[in-house]
**Q** 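Let me give you the structure first, and then I'll get to my questions.
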Amino acid sequence: MGRVFDHAFGISTVDAVYDREMQTSVHVVVESGRAVIIDSATAPAVPRVLGALAAKGVPPEAVDYVILTHVHLDHAGGAGQFLARCPNARLTVHPRGARHLIDPSRLLAATVAIYGEAATRKTYGEVLPAAADRLTETPEGASLRWQGREFRFFDTPGHARHHCVVQDSASGHVFAGDSFGLSYRELDRDGRQFVLPTTSPSQFDPPALHASIDRIAALGPEAVYVAHFGRVTQIARLAADLHRLVEAHVALALRFAHRGADRVARLQEGVAAIVLEERERQGWRLAPAALLDLLALDVALNAQGLDAWLDAARR
Ligand SMILES: [Zn+2]
């Protein structure tokens, strides 16, 4: 069973353990013995989540929905496995993501291209397709009624074009996937949390991401749940930090717009420099080397995403 962090309103964060512990969360909402799962994480995380629900007295048959914020494999890879094990669950997804769940071969091929066959298999396990008749598409304005609460969906491109966020009527809180940055508990200082944007491949879109951050903040949530990792508060302050840091990433990318073969390596140095500068500004206590170690995967992915964005802008 995965480590579980219980919040208010029946909402909990289950540690899905992706690259490391407390890196990727699966959020669950439990009400009257029934459950909704928000983001599935990877197939190997599925038993962790079902174990955490069992400990709350919720069997697989009582899972009503698996809600996906977007179809990147670290968020959606386990969705088919949940459908196989939870016979009454329906899967919800942004309209742009639906076909990739019914046929996950393109998502898998893109991942194999980056990480190779063996590593993909080890990290993502068996990615099962989702049956089309168990899918519900959640475009802008969609809503789900469940156990006396309502989940409202908002289209939030910028990290990916197939991204939506969900606001829960009972708490007013928002489940933001990757649209409200990364926030790791290891960086917390005296109860204050911090964020970094994710600019990972291949659909980073700065103006859209700025608009999505504003949109989430304008919903006025007291708390936002991010996929990496857990629950954050003081949303207006974090939104301002995200805007500033997205612009720092854009400025970095534009400095290397015309560089050649070593561009990804230069971008990676640049993202690391942004992270270290933020460490100074915010007074993070983690030593520089430990910080870069903690964020190694994110720094690499942000650099790759900026590289892809520069390529797309040239076309
Ligand atoms: Zn993502």
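As the structure lists them, so they are numbered: ligands from 1, and atoms in each ligand from 1.
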**Q** What is the ring orientation for H210 with H243, classed by angle as parallel under 30°, tilted 30 to 60°, or perpendicular over 60°?
**A**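 H210 and H243: parallel rings.
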**Q** Which atom pairs, donor and acceptor, lie under 3.5 Å between side-chain atoms of residues 118-128 and protein residues at least two apart or in another chain?
**A**
{"residue": "T120", "atom": "OG1", "partner": "G116", "partner atom": "O", "Å": "2.6"}
{"residue": "T123", "atom": "OG1", "partner": "A119", "partner atom": "O", "Å": "3.0"}
{"residue": "Y124", "atom": "OH", "partner": "Y18", "partner atom": "OH", "Å": "2.5"}

**Q** Do NZ/NE/NH1/NH2 and the carboxylate oxygens of R20 and D15 come within less than 4.0 Å?
**A**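 No, this pair does not count.
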**Q** Quick check on the 6.0 Å ring-centre criterion: do F229 and Y184 meet it?
**A**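 No: the rings miss the under 6.0 Å criterion.
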**Q** Near the Zn ion (ligand 1), which protein N/O/S atoms are found at less than 2.8 Å?
**A**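 Metal shell, protein only: H70 NE2, H72 ND1, H159 NE2, D178 OD2.
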**Q** Centre-to-centre under 6.0 Å for H228 and H75, is that the case here?
**A**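 Yes, ring centres under 6.0 Å apart.
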**Q** Taking the six-membered ring for Trp, are the ring centroids of F153 and H94 within less than 6.0 Å of each other?
**A**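 No; H94 has its ring centre 6.0 Å or more from that of F153.
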